[in-house]
Amino acid sequence: MKKTTSQADHQRIIVVLPHPDDESFVAAGTLAKYIHSGAQVTYACLTLGEMGRNMGIPPFANRVTLPHIRKDELINSCNAIGIQDLRMLGFHDKMVEFEDQQALDATIFALLQELKPSLVITFYPGLSVHPDHDATGEAVIRTIRRLPAAERPVVLCKAFSVGHEEQIGKADVTIDVTPFIKQKMDSIRAHRTQFQAPELVGNRELTEEEIRYRYGTEQFWTYRF
Ligand SMILES: [Zn+2]
């Protein structure tokens with residue numbers, strides 16, 4: 001497995017993602033691993049996913065209760081991972097691409113100034129499927145690009161659109177998160193309204209091997225400014 005940006009080096013990390021549950025699939029194991037080695041993690045979650053269509057199986061949320069329920073799910077997910085600092089930034093779900101860029105960038109800039117992270121994790125702009133994902137990655141990259149090169153944190157991006165490897169090659173950071181698979185699965189399962197797969201709603205137990213195969217590795221692309 002490829003050597004990563006030395007994982008114990010990062011003591012202060014900011015994760016910037018738009019939706020509750022993005023953290024579960026993108027980086028739950030990686031974050032649990034860093035936290036285990038003493039890192040302080042701040043999760044800046046841009047929206048509450050309040051426009052989501054999934055209401056649970058069987059449905060237990062509705063349009064009115066969904067934002068409240070997703071907020072609780074997000075808190076539970078962060079607790080499962082061990083994230084010490086959750087910032088719910090209050091932007092509108094499915095609208096991140098239409099937000100005032102200056103306001104969005106200023107929010108991210110303020111977090112960078114306050115926390116001085118050595119590592120930021122976000123989505124790869126243009127290669128992350130959902131417009132909110134791409135707009136979030138764009139805002140993070142735009143903001144960090146404005147910093148003097150010597151002050152820029154390492155930025156690890158998640159990419160997963162069809163054909164992304166043709167554009168940016170293979171991930172340069174691969175993290176084995178199997179020692180933290182419990183934290184990751186607890187984080188995924190905390191988002192009870194969102195997950196429809198039988199193994200996640202309890203109709204079938206995944207074998208340990210299946211869990212390791214599906215969830216045991218997290219991959220990122222280091223953003224080159
Ligand atoms: Zn998302």
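Bear in mind that the values here come from a model prediction, so they are computed numbers and not experimental data. Along the sequence shown, the residues carry numbers beginning at 1. One-based numbering, in listed order, for ligands and for the atoms of each.
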### Task
Look only at the side chain of Glu210 and the backbone of Thr207, and say whether a donor-acceptor pair between them is shorter than 3.5 Å.
yes
## Note on the structure
Checking Leu112, Leu156, Val15, Val154 against Val120 for side chain to side chain contact (heavy atoms under 4.5 Å, CB included), the one that qualifies is Leu112
### Message
Which atom name would you report as the N, O or S atom of His133 nearest the Zn ion (ligand 1)?
### Response
NE2
### Message
Nearest N/O/S atom of His19 with respect to the Zn ion (ligand 1), by atom name, please.
### Response
ND1
#### Entry: 2.8 Å cut-off met by an N, O or S atom of His130 to the Zn ion (ligand 1)
no
### Task
Please determine which of His133, Arg70, Glu50 meets the side chain to side chain donor-acceptor pair (under 3.5 Å) test together with His19.
His133
### Message
Just checking: Asp22, one of its N/O/S atoms, less than 2.8 Å away from the Zn ion (ligand 1), yes or no?
### Response
yes
### Message
Applying side chain to side chain contact (heavy atoms under 4.5 Å, CB included), can you list everything that pairs with Ala159, at least two apart in sequence or on another chain?
### Response
Tyr124, Leu127, His164, Ile168, Trp221
